[in-house]
Amino acid sequence: MLGIDLEGRCGLVLGVANHRSLAWAVAERLNEAGMRLCLTYLGDRMKPKVEALAEKLNDPLVLPCDVTDDAELDRLFETLGQEMPRLDALVHSVAFAQKEDLTGAYRNTSREGWRVALEISAYSLVAVMGRAAPMMAATEDQPGGSVVTMSYVAAERAIPNYNVMGSAKAALEHAVRQLALELGPQGIRVNAVSAGPVNTLSARGLGDFNVMLTHHREKACLKRNVEAREVGDASLFLLSDLGSGITGETLHVDAGYSIVGF
């Protein structure tokens, strides 16, 4: 894939829900490049779906992970430390908001709805990196690892019905910059990919998602929507040595939508 060789390297992918997930698109590209991966699942209901996808990978690990449970995060990284010599890549594709907070007036967002959205969608990256950093730090023999998280243009602009998730994405992009500054001396790079709308399980939970797809297609420079594989390719670039000089950035993979003014 693109001449990138990741044989002998290991990665963790958080947020695979099904074959349409952006996390899965990234996992496929990393696997094709030779990286050994661990996929996580949330709860027993998701376990069979993630295990079925993992069967397509080379020597995968599949482990439970609830990002709101510190004990489960601790167990995840304890197991990773036993099964993998280090972490070269980490993909954070975790986001959630209560359905009632993704419709109606933003000013009616509940206190609990705000907490849930920001804890799961933004703080989870901070919580994960507190545990992952020791496994990703550069050594005399190895460069530091690379992190990619998934954002959206609502981190920068007001988007109808995106509501509290836009606040969460803004917090997430700030966390990317802060972590990049803090972890840079250890050789760890942290970036975000701001993808255009893709028909994923989480995206379908948004009100008027089909309207969003149509609007992006009409207004984007390339006059089309992006595909999950393009998000996977851009993430592979950032997670590989080709992106070695890039950290603290948000890379827009949206067919040019984000640069257009009206």
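The shortest side-chain heavy-atom distance between C65 and L14 falls under the 4.5 Å cut-off. Side-chain contact check for Y257 versus V226: every heavy-atom pair is 4.5 Å or farther apart. Within the 4.5 Å cutoff, side-chain heavy atoms of V231 are placed close to those of M150. The shortest distance between side-chain heavy atoms of L172 and L125 falls below 4.5 Å. Contact annotation: the side chain of L63 approaches that of C38 to within less than 4.5 Å [non-hydrogen atoms, C-beta and beyond]. Taking 4.5 Å as the limit, some side-chain heavy atom of I259 sits within range of a side-chain heavy atom of C221. Looking at heavy atoms from C-beta onward, L239 lies out of side-chain contact with L6 at the 4.5 angstrom threshold.
Applying the side chain to side chain contact (heavy atoms under 4.5 Å, CB included) rule to A192 yields the partners T149, S151, V176, T250; only residues at least two apart in sequence or on another chain are considered. With sequence neighbours excluded, the residues that form a side chain to side chain contact (heavy atoms under 4.5 Å, CB included) with K56 are W24, L53. By the salt bridge (Lys or Arg N to Asp or Glu O under 4.0 Å) test, D88 is found to be paired with R86, residues two or more places apart in sequence or in another chain being considered. Here E227 pairs with R229 under the side chain to side chain donor-acceptor pair (under 3.5 Å) rule; sequence neighbours left out. Every residue two or more places apart in sequence or in another chain was checked for a salt bridge (Lys or Arg N to Asp or Glu O under 4.0 Å) with E55, and none qualifies. With sequence neighbours left out, Q178 forms a side chain to side chain contact (heavy atoms under 4.5 Å, CB included) with H174, L181.
In this structure, OH in Y152 is found 5.0 Å from CD1 in I159, a value given to the nearest 0.5 Å. Remark: M212 CE to N225 CG distance equals 11.0 Å, nearest 0.5 Å. For the atom pair CG of D66 and OG of S124, the computed distance is 10.5 Å after rounding to the nearest 0.5 Å. Interatomic distance, CE of M35 versus CD1 of I4, reported as 10.0 Å (0.5 Å rounding). Taking CG of L76 as the start and CG of L12 as the end, the distance is 5.5 Å to the nearest 0.5 Å. Between L80 atom CG and L61 atom CG the span is 7.0 Å, to the nearest 0.5 Å.
L37 and N31 make their closest contact through CD1-N, 4.2 Å (heavy atoms, listed as atom of the first residue, atom of the second, distance). Here the closest non-hydrogen pair linking A154 and Y162 is CB-CD2, 3.2 Å. N163 approaches D101 most closely through the heavy-atom pair CB-O, 3.2 Å. Of all the heavy atoms in G104 and N161, the pair that sits closest is N-OD1, 4.1 Å. Nearest approach of A171 to A122, heavy atoms of both residues: CB-CB, 3.9 Å. In terms of heavy atoms, L57 sits closest to A27 at CD2-O, 4.5 Å.
Applying the salt bridge (Lys or Arg N to Asp or Glu O under 4.0 Å) test to residues at least two apart or on different chains, none of the pairs has a partner in residues 169-196. Note on residues 73-83: pairs passing salt bridge (Lys or Arg N to Asp or Glu O under 4.0 Å), not counting sequence neighbours, are E72-R75, D74-R131. For the salt bridge (Lys or Arg N to Asp or Glu O under 4.0 Å) condition, the pairs that include at least one residue of residues 6-19, sequence neighbours left out, are R9-D241. For residues 33-50, every residue pair satisfying the side chain to side chain donor-acceptor pair (under 3.5 Å) rule, not counting sequence neighbours, is listed here: R36-D59.
Under a 4.5 Å side-chain heavy-atom criterion applied to ILVMFWY residues, the cluster that includes Y123 comprises V126 as well. Here W114 is tied into one hydrophobic group with Y106, L118, V164, each link being a pair of ILVMFWY side chains closer than 4.5 Å.
V94 and M165 fall into different hydrophobic clusters, where Ile, Leu, Val, Met, Phe, Trp and Tyr are joined by side-chain heavy atoms under 4.5 Å apart, directly or via other members. Under a hydrophobic clustering in which Ile, Leu, Val, Met, Phe, Trp and Tyr are joined whenever their side-chain heavy atoms come within less than 4.5 Å, directly or via other members, M135 and L90 fall into the same cluster. Cluster annotation: V148 and L236 are assigned to the same hydrophobic cluster (Ile/Leu/Val/Met/Phe/Trp/Tyr, side-chain heavy-atom contacts under 4.5 Å, transitive). No single ILVMFWY cluster, assembled from side-chain heavy atoms under 4.5 Å apart, contains both L251 and L179. Hydrophobic clustering places L73 together with L87 (ILVMFWY residues linked when any side-chain heavy atoms are closer than 4.5 Å, directly or through intermediates).
Not one N or O on the side chain of N191 forms a donor-acceptor pair closer than 3.5 Å with the backbone of L238. Formation of a donor-acceptor pair under 3.5 Å by the S240 side chain with backbone atoms of L242 is found in this model.
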field: Residues H92, M129; criterion side-chain contact (heavy atoms from CB on, under 4.5 Å); working and verdict
entry: CA-CA 10 Å; H92 174 273; M129 289 311 301; over 6 Å; no
